[in-house]
Amino acid sequence: MTSSGLREGWAMKQGAINTSWKMRYIVLRQTRIHYFTAADKKIHKGSIDLETATACAATAGVHKQRKYVLSISTTKRTWYLAFLTETERDGWLHTINRTMVGIKKGACGLDPFGGEEAEDPFFKGNKAKPEDEEEPFKNENGTKY
């Protein structure tokens, strides 16, 4: 577990009305994924309520410019998050699905990993490096997005 929640790191989030993609620092804490403008978590932009989530899956081929995307379907909308690597996306997918299972079993607000980060294989060696925070996403031409 991180100091702030179950998992945290950088992702691109697609807006609901303005469907542009924005870089966000995301934190899974209890039953919500909170997103911020920066890793310092000073400007909270919103959250995704996993208690209303019905599905979370890898999304292939839907977004041409985003290779490692996952979707979170809730009762109100479908959220799209894009990650720099497949490993990072799959780690988030695993953690979110484990959290959703915990919610359905009535373990809301509890760490689905029993408080031991090391028990979840996706946490091992999968931490963001400090240099990743400066320019976490670039396309094939090296252009930031």
Side-chain angles (χ1 to χ4, degrees), residues 1-138 144-145:
M1 183 185 301
T2 65
S3 60
S4 299
L6 296 175
R7 188 178 193 99
E8 59 184 65
W10 287 102
M12 297 286 290
K13 185 190 81 59
Q14 187 178 38
I17 297 168
N18 175 1
T19 59
S20 65
W21 291 84
K22 303 263 192 215
M23 180 64 68
R24 296 293 182 233
Y25 193 77
I26 58 175
V27 177
L28 173 59
R29 184 180 303 142
Q30 296 180 338
T31 62
R32 290 184 175 271
I33 298 172
H34 299 273
Y35 48 98
F36 304 86
T37 57
D40 62 11
K41 303 178 204 122
K42 289 183 179 178
I43 303 173
H44 183 262
K45 297 299 283 184
S47 63
I48 304 169
D49 183 2
L50 296 179
E51 290 189 67
T52 64
T54 56
C56 180
T59 308
V62 175
H63 301 283
K64 295 176 184 174
Q65 295 180 355
R66 310 283 181 239
K67 192 170 181 181
Y68 306 112
V69 178
L70 66 79
S71 63
I72 303 168
S73 298
T74 68
T75 53
K76 294 185 179 183
R77 74 175 262 204
T78 298
W79 302 78
Y80 294 100
L81 300 173
F83 297 89
L84 185 60
T85 67
E86 182 177 19
T87 302
E88 190 175 4
R89 182 211 49 210
D90 290 349
W92 274 95
L93 184 63
H94 177 77
T95 305
I96 292 166
N97 279 317
R98 291 273 308 259
T99 301
M100 289 170 61
V101 167
I103 291 168
K104 288 179 178 143
K105 289 183 175 181
C108 295
L110 300 178
D111 180 353
F113 309 109
E116 292 299 324
E117 170 179 312
E119 290 178 14
D120 186 350
F122 285 102
F123 281 111
K124 293 180 181 178
N126 200 21
K127 299 288 186 188
K129 297 176 184 142
E131 63 270 15
D132 290 342
E133 293 183 12
E134 293 178 5
E135 298 179 348
F137 286 86
K138 290 185 179 181
K144 290 192 310 182
Y145 65 96

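The figures that follow rest on heavy atoms only: side chains count, while hydrogens, waters and symmetry mates do not. Note that the structure is predicted; figures quoted are calculated from it, not measured.
Remark: side-chain polar atoms of Thr54 are paired, donor with acceptor, to backbone N or O of Ser73 under 3.5 angstrom.
Thr78 and Ser71 get closest at one heavy-atom pair: CG2-CB, 4.0 Å. Across all non-hydrogen atoms, the minimal contact from Gly15 to Arg77 is C-NH2, 3.9 Å. Closest non-hydrogen pair, Ala82 versus Arg66, comes out as CB-CD, 3.8 Å. Trp21 and Gln14 get closest at one heavy-atom pair: CE3-N, 3.6 Å. Considering every non-hydrogen atom in both Arg7 and Glu88, the closest pair reads NH2-O, 4.4 Å. Of all heavy-atom pairs spanning Met100 and Ala55, the tightest one is CE-N, 3.8 Å.
Note: Arg89 CZ to Leu70 CG = 7.5 Å, rounded to the nearest 0.5 Å. For the atom pair CZ of Arg32 and OG1 of Thr52, the computed distance is 8.0 Å after rounding to the nearest 0.5 Å. In this structure, CD1 in Ile96 is found 4.0 Å from CD1 in Ile72, a value given to the nearest 0.5 Å. Note: Lys22 NZ to Thr37 OG1 = 11.5 Å, rounded to the nearest 0.5 Å. Here Trp10 contributes atom CH2 and Arg24 contributes atom CZ; the two are 9.0 Å apart, rounded to the nearest 0.5 Å. The distance from the SG atom of Cys56 to the CH2 atom of Trp79 is 13.0 Å, given to the nearest 0.5 Å.
Using the six-membered ring where Trp is involved, Tyr35 and His44 have ring planes that are parallel, under 30° apart on the 30 and 60° scheme. Ring planes of Trp92 and Phe83: parallel class, angle under 30° (limits at 30 and 60°).
Side-chain contact check for Ile48 versus Ile26: every heavy-atom pair is 4.5 Å or farther apart. Contact of the Leu50 side chain with the Leu28 side chain is registered, since non-hydrogen atoms from C-beta on lie closer than 4.5 Å. Under the 4.5 Å side-chain criterion, counting only non-hydrogen atoms from C-beta, Glu8 is in contact with Lys41. No side-chain heavy atom of Thr74 sits under 4.5 Å from any side-chain heavy atom of Asp49.
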